[in-house]
Amino acid sequence: MKGSSPVVELKLPVLPDMELSATKTAEIVAKHMELSEEKSAEISMALIEACINAFEHSESNKQIEIHFRIKGDELEIQVTDKGKGFDESKVKIPKIEEKIGSDHKRGWGLQLIKELMDTVEFESSSEGTTVTMTKKK
Amino acid sequence: MKGSSPVVELKLPVLPDMELSATKTAEIVAKHMELSEEKSAEISMALIEACINAFEHSESNKQIEIHFRIKGDELEIQVTDKGKGFDESKVKIPKIEEKIGSDHKRGWGLQLIKELMDTVEFESSSEGTTVTMTKKK
Amino acid sequence: MSEFKLDTREEGDVVIITTEGYLNNVGGEKIAEACYEKIDGGKNKFLLNLERSSVVNSIGVSILIEIIEKLQDSDGKLAYYNLAPIVEKTFKIMGLTKYSTVYSSEEEALAEMS
Amino acid sequence: MSEFKLDTREEGDVVIITTEGYLNNVGGEKIAEACYEKIDGGKNKFLLNLERSSVVNSIGVSILIEIIEKLQDSDGKLAYYNLAPIVEKTFKIMGLTKYSTVYSSEEEALAEMS
Ligand SMILES: Nc1ncnc2c1ncn2[C@@H]1O[C@H](COP(=O)(O)OP(=O)(O)O)[C@@H](O)[C@H]1O
Ligand SMILES: Nc1ncnc2c1ncn2[C@@H]1O[C@H](COP(=O)(O)OP(=O)(O)O)[C@@H](O)[C@H]1O
């Protein structure tokens, strides 16, 4: 693969725990890039959350797509769904103080992704959503 | 996913141990289909061998493609490479008696795939090879 | 990938729950169920051994927040040990570590909780 | 996914090699290296504990055939225990079980090999 930048592509249907097939792939790619175990685990956790969102909020039974791109010492991961989309700037930052006593305990996925990855970008329309996240060696 | 037959698609580049990302996916699909652990392990082993062949013999740095299709109580897996192809009917059945004392200890992949899966078919030309294998519940 | 499993035992007045497998919604619900049964039986100190649950998701972890909330009624405690680094980091990001405690071993946990 | 690792110890005249990780070409080569070093030192009974190598490929396993061949020079033995069912099945399909033995425990293996 010298000279080229390896790409891994997954198209996954909505099946229980399907996100774990993405994290296994991420682990193998991270190992190949010689990322630390800490960074590899952070990538996997962020990827789990992105996949769950794609599976769940997309309200669509179509497959989701995941691309891994090794760009030198940076790993770029894109998770794309064909769901109804959302406005990321309108999502409230979760606080545990507000979660305790509230009926809505969930809402942590985006926050985790942002904390665990180096960069995160959202592209969303009524046709679907693509989350692009990167992590440097 | 009721009514439709879920498809999983992987495009994997030639990276060390990349076949394990395929087996993880196979495990999740097998679990969803409620295949026994024994059958799930047999599928994973056959898939490892098919992936290694696709990576290795294809003599091509292109990605390999894997499709999983859940067809009722049957799982169909296709592994496709864009390699130089081969004539499966010309491959000798390996025997350990002949391997001992010989310089060529390898050559077990196809044999294992055939023993471990219910059906196996090869489609091969100078453009590449597709192995289609199935396992029933 | 095997099913999520858990095992419950008691050391003094502390209930120790040892889990195995992916801590997702299913895993979280199972932990909550085990806790609520013991809470109904009068227990209020829970210690989770998460050594074999090194993969979690935010839905599973948010169910632990429910347990924390429930335990406030009886002045109870939730604590953990044997966390994978990424699980501890997730607990920190989500703020669980403000309302529950991460110990480095069962001994340390039992000494402080009892 | 962690690196392939192995640990070598001796019980009487039997060399026990405990492996961890994917038994592919890299893993097979590491086992062979460890065996050949001991063979050069005069050992000829080898017992592999494959409990933590439940994933193998045919290239890795074919390297074990090399070890079997090498051991024929000194009338030696290769044996295994703690095999995952799929690993045992693979050994059977490839015929390794004709030239080497699968035991169900270390005790059984040592009793028969010594
Ligand atoms: N891929 C997506 N498609 C549509 N909506 C999304 C997507 N990802 C996130 N969202 C929206 O953002 C909100 C916050 O997501 P998140 O932080 O992951 O928490 P949770 O999924 O637990 O609600 C979701 O409730 C949903 O409204
Ligand atoms: N996808 C493939 N493309 C081209 N040739 C292949 C492919 N799969 C198998 N072969 C050929 O069949 C032979 C036997 O393959 P196999 O039984 O898997 O053993 P091994 O890969 O160890 O040689 C290979 O040596 C190769 O010549």
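Below, read A as the first sequence line, B as the second, and so on, with proteins coming before strands; counting in each chain starts at 1.
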Undergrad: Within the supplied structure, the quantity of interest is the number of heavy atoms (other residues, nucleotides, ligands) at a distance under 6.0 Å from B:Glu121 CD; does it exceed 12?
TA: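 Not more than 12 within 6.0 Å, no.
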
Undergrad: For a quick test of reading the model, state the closest non-hydrogen atom pair linking A:Thr25 to B:Met18 and the distance between them.
TA: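 The answer is CG2-CE, 3.6 Å.
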
Undergrad: Under the salt bridge (charged side-chain N to carboxylate O under 4.0 Å, His left out) rule, collect the residues that match up with B:Glu9, sequence neighbours excluded.
TA: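 By the salt bridge (charged side-chain N to carboxylate O under 4.0 Å, His left out) rule, B:Glu9 matches A:Lys11.
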
Undergrad: What are the two closest heavy atoms between A:Val7 and B:Gln63, and how far apart are they?
TA: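 Looking at all heavy atoms of both residues, the shortest contact is O-NE2, 2.7 Å.
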
Undergrad: Please tabulate, one pair per line, all N/O donor-acceptor pairs under 3.5 Å involving side-chain atoms of residues 64-71 of chain B, not counting sequence neighbours.
TA:
| unit_1 | atom_1 | unit_2 | atom_2 | d |
| --- | --- | --- | --- | --- |
| B:Arg69 | NH1 | B:Glu76 | OE2 | 2.9 |
| B:Arg69 | NH1 | B:Gln78 | OE1 | 3.1 |
| B:Lys71 | NZ | B:Glu76 | OE1 | 2.9 |

Undergrad: For B:Ser21, which of A:Val8, A:Ile28, A:Thr23 qualifies under side-chain contact (heavy atoms from CB on, under 4.5 Å)?
TA: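 When side-chain contact (heavy atoms from CB on, under 4.5 Å) is applied between B:Ser21 and each of A:Val8, A:Ile28, A:Thr23, only A:Ile28 qualifies.
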
Undergrad: Is the number of heavy atoms from other residues, nucleotides or ligands within 6.0 Å of NZ (B:Lys39) greater than 12?
TA: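 Counting other residues, nucleotides and ligands, NZ of B:Lys39 exceeds 12 neighbours.
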
Undergrad: Hey, could you give me the CG/NE2 distance between A:Asp17 and B:His32, rounded to the nearest 0.5 Å?
TA: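 Going from CG on A:Asp17 over to NE2 on B:His32, the span is 11.5 Å.
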
